[in-house]
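Just so it is clear: chains get the letters A, B, ... in the order the sequence lines come, proteins before strands, and each one is counted from 1. Worth knowing before you read on, the calculation uses all heavy atoms, side chains too, and leaves out hydrogens, waters and symmetry mates.
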Amino acid sequence: MAGTAAGVHYDLVMARAYDVAAVERKWQDRWRVERTYEVENDDPRPLFYSLCMYPYPSGPAHQGHVRNYTFGDLVVRHRTMNGYAVLSPIGFDSFGLPAENAAIQTGTHPRVFTEARIAELKDSLSRLGAVYDWRREVRSHDPEYMRWNQAIFLRFLDAGLAYRASAKVNWCPGCQTVLANEQVLSDGRCERSGDPVEKRDLEQWFFRITSYADELLAALDGLQWPDRVKTMQRNWIGRSEGAEFDLAVQGSDGSPSDLSIRVFTTRPDTSFGMTYAVLAPEHPMVEQLTTDEHKAAVEALVRQADASSELERMRAAEAGPELEKRGVFTGSSVINPFNREPVPVYVADYVLMGYGTGAIMAVPAEDERDFAFAQTYGLPVVRTVQPPEAFEGGAYSGEGEKINSGFLNGLDVATAKERAIEWLEKEGIGTRKVNYRLRDWLVSRQRFWGCPIPVVYCPDHGIVGVPEEQLPVLAPDDVEFLPSGQSPLALHEEFLQTTCPICGGPARRETDTMDTFVDSSWYFLRFCDPWWHDGPVDAVAVRRWMPVDEYIGGVEHAILHLLYARFFQRALIDVGLLPEIEREPFRHYFAQGMIRMAGSKMSKSKGNLIAPSSYYERVGADALRLFHLFVGPPEEDFDWSDQTDEIIDGCGRFLDRLWRSLLEAPAPERSGEPTAADLEVRRLVHRTVMAVSEDIERWSFNTAVAHCQELSNSLVRYGRIDGGPHEEVFVEAADSLLLLLAPMTPHVSAEIWERRHLGQPGVHLQHWPSFDPALVVEDHVTMVVQVNGKVRDRIEVAPSIAAAEAEELALSSDRVRSALGGATPSRVIVRPPSLVNVVP
RNA sequence: GCCCGGAUGGCGGAAUCGGUAGACGCGGAGGCCUCAAAAGCCUUUGCCGGCAACGGCGUGCGGGUUCGAGUCCCGCUCCGGGCACCA
């Protein structure tokens with residue numbers, strides 16, 4: 001037999017010590033039939049909720065899944081052996097675009113397509129030996145899950161957390177539909193039709209996540225999450241403190257008019273340096289402030305900004321600080337309230353309508369973007385902070401003494417900010433203001449394969465929620481998937497036509513579906529009691545299991561999914577759908593590293609997937625699991641290379657040696673007083689138990705495997721010592737090793753254990769081994785003797801050696817004396833029992 | 001541009017608190033077994049010099065702190081990730 005991986009041809013020539021396929025199948029069946037990892041909600045043991053991010057079912061598992069679910073399975077089995085009732089559920093994030101695209105291409109209904117992919121994924125997870133309480137399986141497209149998803153939407157609607165507003169979206173004129181950002185090619189064209197994508201204002205549904213911005217930010221501090229993930233979320237929320245204030249528009253006679261522009265700044269202290277003001281092209285006052293003379297130029301710029309897609313702007317941003325900032329003068333001026341000077345008002349596309357007030361005061365001396373714009377358009381620069389003497393750049397945004405700033409002169413930046421805000425508030429011109437980069441969550445999707453948004457539009461009553469007893473609103477099955485890309489729902493008259501729940505008159509159904517991130521924002525709550533019929537979640541079950549003790553998943557979800565889920569948990573508590581539990585859903589989050597190939601992420605779209613199934617057949621799931629645990633720190637990326645297959649084979653060889661050394665060697669018969677060599681083995685066993693236990697606790701699986709391998713190597717050697725191994729010592733060593741390996745390589749561990757302990761409970765039902773502290777203490781250690789920091793000798797000493805004795809021993813060493821060359825030590829650093837450093 | 005990671009033998013990686021650099025594995029070399037091979041087993045393997053004992057060098061680069069630095073500090077280079085005109 002032969003297989004192909006990474007384009008490299010290899011031969012299946014490993015002669016195994018045991019029938020890997022039979023052993024793995026046997027135990028996978030056993031765990032399922034005996035319901036080993038099903039857990040009841042009234043389990044009396046201490047509780048532990050372990051969860052891997054539920055997968056999007058794209059077919060059989062890929063190596064990223066294998067890595068993820070191997071880690072998760074290790075946690076589940078390890079915690080179970082430590083006496084916990086472990087909740088280990090899984091489900092499928094089964095709505096989404098790929099199934100819909102497949103439907104358009106092949107005509108297969110997305111449900112049929114998706115359920116086939118789920119079956120494939122389930123099969124490959126089972127073949128990995130990953131264990132779950134399958135009774136709790138939840139799939140986003142299950143009508144029962146959709147029902148509660150919609151009920152949550154309606155509750156959010158009632159609470160004002162869901163609202164409808166106009167938003168700029170990517171619109172493809174050829175396909176007559178809205179596109180997700182990912183569907184717009186990098187050159188700004190539609191991925192399907194190739195037409196240039198436009199921006200359009202459409203009515204869309206939003207969740208008011210911004211109401212929680214402050215709490216979501218503040219609560220990050222208390223989370224046991226990787227710092228980089230917390231930082232990413234912090235940056236995403238992007239809190240900025242500053243001030244908002246009015247700039248009065250200058251009237252025709254030169255005095256302030258009633259009209260004013262509100263601006264936001266994080267640097268109110270620099271206000272004296274304002275030399276112009278800018279409106280975003282979409283700002284509602286643009287037309288009003290544009291004089292006849294400048295009308296043509298302003299309209300041209302506004303049209304240009306309107307036509308450019310998000311991606312085009314992103315690309316423009318990539319150009320860096322040299323980016324040409326397009327802007328035109330409106331013909332109007334505003335009065336700087338700080339110094340009563342008029343400054344010109346521009347319209348420019350570097351100011352965004354979506355942030356702050358969509359208008360800014362421009363201070364070129366202290367802002368790089370304003371500086372670049374001022375240079376291009378010949379606008380003055382007035383410094384309000386004294387830069388350091390050596391400073392040669394344009395804009396200076398650092399610390400310094402305030403200058404040219406009236407009542408702020410002489411102050412430092414922080415104090416000046418405070419004074420400026422106080423002054424604005426006292427004068428009634430403005431207020432202190434905090435802004436966030438975070439926007440409300442746009443949840444509408446003009447897609448078929450998603451959860452329908454459960455509202456109807458009545459000519460008389462407007463937006464009306466579908467009554468809860470009529471949920472779920474399900475999409476009809478008799479739809480046609482057209483290559484136009486338009487959602488079939490919008491063309492389905494029977495679905496579209498409905499009646500108003502209030503007046504019974506004719507009404508039209510919403511045809512948008514929800515972003516699939518909505519589905520994944522609360523599935524972990526549903527797992528606590530997926531059978532609950534009276535609401536999305538059962539308060540009792542949720543109180544018991546939540547929060548998730550260990551959440552495991554790819555760092556690619558570090559921002560959106562984790563932020564949305566944190567928002568949902570809070571919002572559900574606040575609208576009364578969740579009891580008053582901890583407001584953070586995930587106590588501990590582990591972000592696993594990516595599998596990469598030649599530097600880029602391994603993914604279906606890149607065509608560089610290496611399916612695990614060939615490895616299940618070639619070396620078995622245990623060897624593949626061991627490889628993923630062993631090959632490096634779980635949080636770091638791993639580069640799949642030509643050498644990877646050889647490492648995986650090595651893992652298989654290790655398991656073969658384990659099998660042979662524990663099952664095929666003659667049974668040890670020696671008893672009586674243990675010898676020094678026996679004791680040495682016992683020490684190693686107990687040290688290994690301690691080391692592996694610690695390694696697993698701190699997620700250092702690669703060293704846990706290495707420690708097991710060391711013990712195994714010693715055990716092989718011990719099996720061959722003169723006189724044979726001592727029976728009890730060997731059994732203790734063998735059993736300990738199997739217990740340590742049980743969460744990592746469950747099939748072979750279970751099989752060897754069963755063969756060695758016929759009729760007794762299986763290895764996974766045993767308690768995790770403990771170690772004897774007395775046996776962990778070394779009876780002798782190697783003391784390093786350095787001369788001037790260089791190792792010159794190593795001396796075996798007792799761990800309890802006194803400093804004086806250590807020093808004496810070190811100084812009497814021949815090697816040390818010759819290294820000293822007769823010189824008298826000026827200083828001796830003694831760190832018993834590990835080190836002595838003699839300084840000449 | 002800003003913010004976060006990372007860089008250790010031929011390769012993946014270890015070194016948990018500033019104290020023996022290279023655990024464990026892959027690969028390589030030599031040997032045993034075999035008619036031969038595969039598998040398995042044993043020995044060896046950071047680099048340079050040396051028959052050897054041993055000596056020198058060595059954790060991306062340049063400095064520094066320290067008796068002692070892969071680990072701490074300052075300044076860089078390269079690689080990866082996130083954000084990206086957010087006022």
Side-chain angles (χ1 to χ4, degrees), chain A residues 11 13-17 226-236 238 240 242 263-267 270 278 313-314 316-323 325 348-352 354-357 359-363 366-370 372-373 435-439 555-556 558-559 594 596 599-601 627 630-633 635-639 641-651 653-654 656-657 660 691 694-695 698 700 702-703 705-710 713 716 720 782-791 794 815 825-829 831 834-840:
Chain A
D11 293 312
V13 283
M14 288 189 63
R16 300 301 302 262
D227 284 338
R228 62 182 162 138
V229 173
K230 292 202 263 189
T231 304
M232 278 158 75
Q233 292 220 349
R234 252 177 228 121
N235 293 342
W236 188 261
S240 296
V263 294
F264 171 73
T265 180
T266 54
R267 293 292 301 273
T270 65
V278 188
R313 279 205 183 181
M314 272 172 65
E318 274 163 22
E322 314 83 42
L323 164 71
K325 297 197 182 333
D349 63 2
Y350 80 97
V351 173
L352 308 174
Y355 184 76
T357 60
I360 61 159
M361 67 163 191
V363 185
E366 276 96 33
D367 184 281
E368 245 179 74
R369 294 150 305 184
D370 295 345
F373 189 85
N435 262 326
Y436 299 92
R437 219 191 60 102
L438 183 71
R439 312 288 168 82
V555 74
E556 66 270 22
I559 299 179
M594 280 188 307
R596 299 191 312 189
S600 64
K601 186 186 174 178
F627 156 76
F630 177 58
V631 77
E635 69 278 11
E636 275 172 33
D637 290 352
F638 173 74
D639 244 302
S641 75
D642 293 348
Q643 209 207 32
T644 301
D645 280 341
E646 286 167 343
I647 301 175
I648 296 172
D649 286 352
C651 291
R653 280 201 297 273
F654 167 74
D656 285 334
R657 272 197 302 277
R660 287 194 210 98
E694 285 174 5
D695 287 343
R698 67 185 175 104
S700 180
N702 52 332
T703 55
V705 174
H707 283 123
C708 288
Q709 291 180 338
E710 266 181 279
N713 291 343
V716 168
R720 291 196 290 244
T782 306
M783 182 175 80
V784 169
V785 185
Q786 299 178 332
V787 176
N788 209 19
K790 289 191 177 183
V791 180
R794 293 181 172 89
R815 290 166 195 254
S826 65
R827 194 175 164 192
V828 181
I829 285 101
R831 294 283 179 276
S834 59
L835 178 128
V836 175
N837 188 11
V838 182
V839 185

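- Residue-level contact check: A:N837 touches the bases, meaning some heavy atom is under 4.0 Å from a base atom.
- Across all strands shown, the partner of B:G60 is B:C76, judged by Watson-Crick or G-U wobble contacts whose two distances both fall under 3.5 Å.
- The side chain to side chain contact (heavy atoms under 4.5 Å, CB included) search around A:T266 returns A:S240, A:F264, not counting sequence neighbours.
- Distance from the side chain of A:F630 is smallest to B:G12 among B:G12, B:G27, B:C67.
- Within the 4.0 angstrom heavy-atom criterion, base atoms lie near A:R698.
- Within the nucleic acid shown, A:F638 comes within 4.0 Å of sugar-phosphate atoms alone, with no base atom in reach, counting heavy atoms only.
- For A:V791, whose side chain is taken as the heavy atoms from C-beta onward, the closest listed nucleotide among B:U20, B:C54, B:G40 is B:U20.
- Among the protein residues, A:D370 comes within range of no part of the nucleic acid, since none of its heavy atoms lies under 4.0 Å from any strand.
- When heavy atoms are screened at a 4.0 angstrom cut-off, A:R720 is found touching the sugar-phosphate backbone but no base atom.
- Remark: A:A691 engages A:H707 in a side chain to side chain contact (heavy atoms under 4.5 Å, CB included) (not counting sequence neighbours).
- In this structure, B:C76 shows a glycosidic angle more than 90 degrees from zero, which is the anti conformation.
- Among the atoms of the strands shown, only primed sugar atoms or phosphate atoms (P, OP1, OP2) are found under 4.0 Å from some heavy atom of A:S240.
- In this structure, the side chain of A:N702 does not engage the main chain of A:V631 through any donor-acceptor pair within 3.5 Å.
- At B:G12, none of the side-chain N or O atoms of A:N702 fall inside 4.0 Å of OP1 or OP2 (strictly under the cut-off).
- Using a 4.0 Å cut-off, no side-chain N or O of A:K790 falls inside it from OP1 or OP2 of B:A21.
- The CD atom of A:E694 sits 21 Å away from the P atom of B:A23 (whole-angstrom rounding).
- Taking a pair to require two hydrogen-bonding distances under 3.5 Å in either a Watson-Crick or a G-U wobble arrangement, B:G1 pairs with B:C83.
- When every heavy atom of A:N837 is checked against every heavy atom of A:G789, the shortest pair comes out as OD1-N, 3.0 Å.
- Only the P atoms considered, B:U8 is 22 Å distant from B:C76, to the nearest whole Å.
- Between A:F627 and A:F638, the ring planes are perpendicular. Angles over 60° get that label, and only those under 30° would be called parallel.
- Heavy-atom distances to RNA chain B give each of A:G356 and A:G632 a nearest nucleotide, and the one nearer the 5′ end belongs to A:G632.
- Distance alone, capped at 3.5 Å, places no donor-acceptor pair between the A:S834 side chain and the A:M783 backbone.
- Looking at the side chain of A:D367, the nearest of the listed nucleotides B:U20, B:A87, B:C85 is B:A87.
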Collect all protein-nucleotide pairs involving nucleotides 5-9 of chain B in which both atoms are nitrogen or oxygen and the distance is under 3.5 Å.
none

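- Here A:R653 reaches the OP1 or OP2 of B:G27: one of its side-chain N or O atoms lies under 4.0 Å away.
- Nearest-nucleotide mapping onto RNA chain B: of A:Q643 and A:H707, the residue sitting toward the 5' end is A:H707.
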